[in-house]
Structure formats: C-alpha cells, structure tokens
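Right, one structure below, let's go through it.
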Amino acid sequence: MGGVTSSMAAKFAFFPPNPPSYKLLTDELTSLLLLSPFPHRENVEILKLPTRRGTEIVAVYVRHPMATSTLLYSHGNAADLGQMYELFIELSIHLRVNLLGYDYSGYGQSSGKPSEQNTYADIEAAYKCLEESYNTKQEDIILYGQSVGSGPTLDLAARLPMLRAVVLHSPILSGLRVMYPVKRSYWFDIYKNIDKIPLVNCPVLIIHGTSDEVVDCSHGKQLWELCKEKYEPLWLKGGNHCNLELYPEYIRHLKKFISTVEKSPSQRYSFRRSTDQFEQPRKSTDIFEISRKSTDRREKPRQSSDQPEKLKFFSSNAEKLEKLRMSFEHMEKSRRSVDCHEKSRKSIDHQLEKARKSVDRLDRIRTG
C-alpha cells in the first residue's frame, strides 16, 4: 500500500527544476565540492549524503561563528539548492544560525527520483549528517519546512521528542487537501501533516500569507490550531506563496522566535502562557475553501523556476481526479440527505413536544 502511495506522489506532486539551476564541480587543488556558479565561501560546505533508500542527495551547510541553533531547511516544490543558496546565506547571517539545506532525491544534482518516501529518507540523511559530521544535538536543531517541505519536516519532527523547534512556512494540511476539502485522511493521500502535527512536542511557528493562491491560508491556521505548543503565528496580510521573505515582519518574527526557543524551558513557559491571547475558536478540520492549484515556486529575490501555470498536485491524471471528485460529491450529497432527514425528524419531534406541552397545560387548567 505504501509503495502505491509513493508512486502516486511521484507522479502527481513533484516538479524538480529542469534543467537544474546549478552544477557540482570538484576543486582540483583541494578536492572540495563546489556549487557552480557560486564562488567558494570559507563558511560554506557542499556535501553529498547517502540515504537509506540508495540515493545520494546534495546538501549545503552554512556555518555561523556565533550560532547556538542549527536550521535544517526543507525547501518547496519546483526549487533546488541553486535557487535557495542566497537565501540560505542571508538567513544564516540575520538569524545567527548554522543552516543545512538539501535537495530531495531527483532534485538538482541529487540522484534518484522524487517520491514521498524518498523525501522522508532525504531529511533523515540530512539530520544524521548534522549529528555525526557536525556533532549537533537534537535539542539544538530547528526544523524548517516550506510548503511541500512541511511534509518531511513534520514526519521527522513527530519522531524527535527533544527538538528545539519547528517552523512551517506556507505549509499544507495534506496533498489531497490542497485540491479538495476532504473530511478525512485517505490512504492514497500524501504528506498527512494534519495527522502528524499533534505529535510534535516542541514549539511550532507557522508563517502564511493571507493571499496565498497556491496553499490557502486556512491550511496554516488549522495546523496552528492543532499544535501542542503554539507560538505566536505570523499571518502576512497580502502575502502570497512566493514572496513572504520580502516582508520585513518575516525576518523580525523569525529572530524573535529563535531568541525565545533558545531560552531555557522555564523561561519559555512564561511565554507559552502569553500565547493564550492568540487562541482562536476551534473550527472543524473539515471546513476549508478549495485551494487553487498552482506551483510551489518562488518569486524574486530567489530566481526560482516559476512557470506560468500553477501547481496541480494531482494534475497528471485528470480522469482519476474527476472520478475522485464525483465520488466526493456523491458522498457529500448522501451526507446532506441524511442531515436533511435528521433535521426534518428533529423538527417533527419539536412540534410534537410543543403539542404535548399544550395539552398538559389544558389538563392543568381543567383540573384546577
């Protein structure tokens, strides 16, 4: 069953830039890997990491001399390390963190093919590299997942009880929920973040644009409601899926978050109590507007591989989607029919109850 799910994910959800935006070179004198066309930097290392599924992924490690936290960054769809490189440098500088970013299998110069299960193995390889090559402790790591990258991020976060924190940037509830406001998780869905986020024990920051046409802001808001340890979210008014880094509030809020989670747990507790003011009335996980289909791409300053057409998570098989849509509509009509019948029954019961009370009052008058 899992293999079928991964196959569907590979077919429907992944759009690696073609051609890749960078090349890997080996310096003849030092034998160091270089990311062309970017010049070599003393604080940046280019790595190749083997995964448990037999692929080899490319990663970039940016070192900051004053860092006490390390950001493990999972980028969005239709982007690769060449497009993310400058952002990684800027984030490391402004946030004073070490940063490890990586390309999924089949992206950039990473080998293999993209699939849901491969992305899980990819982030595990990156995490293992931090532990073994850089002696980074779990409690010093902040997982950062952007859009589709929220999938591997939450999958790993749910299995690491001592993480310092998690950042979700324009995250998805699940792959299918980007297309349809489904009522429950289906076996063939991918990246079931809605089911995994309640298992995350560390502080979670969610950032989402209110005008996101790729992944509706309701995805981020619902995930925030389901967090165990909420941090003040950042809803960027007018922000879309590709430009949140351009907002001054973006970097300010990230700095504040990292400063907070780097404090001791007792100091963080006083902040957690203050987040109660941000609680909103709990809404059903089933109430969403259907998000528009688009690509998981970025505008400047990151010159990503934005295409004119928007991402269609499940667009490669329109016939199956139409059948799926009709199935959902049929289920919804059946549910509404049952609801209508239930309301009618309740209405009749109410009228009978009123009539009974009226008769009781008449009896009391007569006997009185």
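What's counted below: heavy atoms across the whole structure, side chains too, no hydrogens, waters or symmetry copies.
Nearest approach of Glu132 to Asn135, heavy atoms of both residues: O-OD1, 4.2 Å. Listed here is the closest heavy atom pair of Ser21 and Gln83: OG-N, 3.4 Å. Nearest heavy atoms, Ile206 versus Cys227: CD1-SG, 4.3 Å. Pro114 and Gly106 make their closest contact through CD-CA, 4.1 Å (heavy atoms, listed as atom of the first residue, atom of the second, distance). When all heavy atoms are compared, the tightest approach of Leu234 to Leu205 is N-CD1, 4.4 Å. Leu100 and Ala126 make their closest contact through CD2-O, 3.3 Å (heavy atoms, listed as atom of the first residue, atom of the second, distance).
Other residues, nucleotides and ligands contribute at most 12 non-hydrogen atoms within 6.0 Å of the NZ atom of Lys23.
Contact check for Val58 versus Ile46: side-chain heavy atoms found under the 4.5 Å cut-off. Contact check for Arg252 versus Lys256: no side-chain heavy atoms found under the 4.5 Å cut-off. Side-chain contact between His219 and Val178 is present, with heavy atoms from C-beta onward closer than 4.5 Å. Here the side chains of Thr260 and Pro203 are not in contact, with every heavy-atom distance at 4.5 Å or above. At a threshold of 4.5 Å between non-hydrogen side-chain atoms, the residues Leu173 and Leu223 count as touching. Residues Met84 and Tyr73 are in side-chain contact: their nearest non-hydrogen atoms beyond the backbone lie under 4.5 Å apart. Side-chain contact between Lys255 and Ser259 is absent, with no heavy atoms from C-beta onward closer than 4.5 Å. By the 4.5 Å heavy-atom criterion applied to side chains, Asn243 and Leu236 are not counted as neighbours.
No chain of hydrophobic side-chain contacts below 4.5 Å, direct or via other Ile, Leu, Val, Met, Phe, Trp or Tyr residues, connects Ile194 to Leu199. In the hydrophobic clustering of ILVMFWY residues, with side-chain heavy atoms under 4.5 Å counting as a link, Ile93 and Val62 come out together. Using a 4.5 Å cut-off between side-chain heavy atoms of Ile, Leu, Val, Met, Phe, Trp and Tyr, with links allowed through other members, Leu34 and Tyr22 fall into different hydrophobic clusters.
For Phe88 and Tyr85, the distance between ring centers is not under 6.0 angstrom.
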Let me have the donor-acceptor pairs involving side chains of residues 36-45, under 3.5 Å, with sequence neighbours excluded, atom names and distances please.
unit_1, atom_1, unit_2, atom_2, d
Asn43, ND2, Arg63, O, 3.2
Glu45, OE1, Tyr134, OH, 3.3
Glu45, OE2, Arg63, NH2, 2.9

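Using modelled atom types, no side-chain atom of Arg96 and backbone atom of Ser92 make a donor-acceptor pair closer than 3.5 Å. Listed for the Trp224 side chain is a donor-acceptor partner under 3.5 Å among the backbone atoms of Tyr231. Between the side chain of Asp27 and the backbone N or O of Leu32 there is no donor-acceptor pair closer than 3.5 Å. Within the 3.5 Å criterion, the main-chain N or O of Thr51 finds no donor-acceptor partner in the side chain of Thr55. Using modelled atom types, no side-chain atom of Glu56 and backbone atom of Ser111 make a donor-acceptor pair closer than 3.5 Å. In terms of modelled atom types and a separation under 3.5 Å, the side chain of Ser150 and the main chain of Pro171 share no donor-acceptor contact. Remark: side-chain polar atoms of Lys230 are paired, donor with acceptor, to backbone N or O of Glu225 under 3.5 angstrom. No donor-acceptor pair under 3.5 Å is formed between the side chain of Gln109 and the backbone N or O of Leu24. In this structure, the side chain of Thr210 engages the main chain of Gly238 through a donor-acceptor pair within 3.5 Å. The backbone N or O of Glu232 sits less than 3.5 Å from a side-chain atom of His253, completing a donor-acceptor pair.
For the atom pair CG of Leu87 and CG of Leu81, the computed distance is 11.5 Å after rounding to the nearest 0.5 Å. To the nearest 0.5 Å, atom CG of residue Leu226 and atom CD1 of residue Ile197 are 6.5 Å apart. Note that NZ of Lys48 and SG of Cys129 are 14.5 Å apart. Values are rounded to the nearest 0.5 Å. Interatomic distance, Leu254 CG to His94 NE2, rounded to the nearest 0.5 Å: 11.5 Å. From Leu72, atom CG reaches atom CD1 of Ile141 across 6.5 Å, with rounding to the nearest 0.5 Å. Note that NZ of Lys196 and OG of Ser174 are 10.5 Å apart. Values are rounded to the nearest 0.5 Å.
No donor-acceptor contact under 3.5 angstrom links the side chains of Lys113 and Asn118, judged on distance only. Counted by atom type alone, Glu116 and Tyr120 present one or more donor-acceptor pairs between their side chains at under 3.5 Å. There is a side-chain donor-acceptor pair under 3.5 Å between Thr68 and Glu262. Asp103 and His75 share a side-chain donor-acceptor pair at under 3.5 Å. No donor-acceptor contact under 3.5 angstrom links the side chains of Asn240 and Ser211, judged on distance only. Residues Asn77 and Tyr107 have side chains that bring a donor and an acceptor to within less than 3.5 angstrom of each other. Side-chain contact annotation: Asp140 with Ser69, donor-acceptor N/O pair under 3.5 Å absent. A donor and an acceptor atom, one from each side chain of Ser147 and His169, are nowhere located under 3.5 Å apart. Asp212 and His241 form a side-chain donor-acceptor contact under 3.5 Å, judged by distance and modelled atom types alone.
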Chi angles and distances behind the side-chain contact (heavy atoms from CB on, under 4.5 Å) call for Ile207, Trp235
CA-CA 6 Å; Ile207 303 171; Trp235 313 128; over 6 Å; no

Hey, mind stepping through Tyr102 and Ile123 against side-chain contact (heavy atoms from CB on, under 4.5 Å) and telling me if it holds?
CA-CA 8 Å; Tyr102 65 99; Ile123 194 172; 3.3 Å; yes

Please determine whether side-chain contact (heavy atoms from CB on, under 4.5 Å) holds for the pair Ile172 and Tyr191, giving the CA-CA distance in whole Å, both sets of side-chain angles, and the decisive distance to 0.1 Å.
CA-CA 8 Å; Ile172 64 174; Tyr191 297 132; 4.1 Å; yes

Please determine whether salt bridge (charged side-chain N to carboxylate O under 4.0 Å, His left out) holds for the pair Arg53 and Glu124, giving the CA-CA distance in whole Å, both sets of side-chain angles, and the decisive distance to 0.1 Å.
CA-CA 11 Å; Arg53 292 175 64 86; Glu124 287 172 14; over 6 Å; no

Walk me through it: do Tyr104 and Asp80 pass the test side-chain contact (heavy atoms from CB on, under 4.5 Å)?
CA-CA 8 Å; Tyr104 310 118; Asp80 64 19; over 6 Å; no

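Tyr127 pairs by the ring pair (Phe, Tyr, Trp, His ring centres under 6.0 Å) definition with nothing, not counting sequence neighbours.
When each of Leu143, Val261, Asn201 is tested with Leu163 by the rule side-chain contact (heavy atoms from CB on, under 4.5 Å), just one qualifies, namely Leu143. A side chain to side chain donor-acceptor pair (under 3.5 Å) with Asp122 is found for exactly one of Ser105, Ser115, Ser74, namely Ser105. Of the residues Ile142, Val200, Leu160, the one that meets the side-chain contact (heavy atoms from CB on, under 4.5 Å) test with Val166 is Val200.
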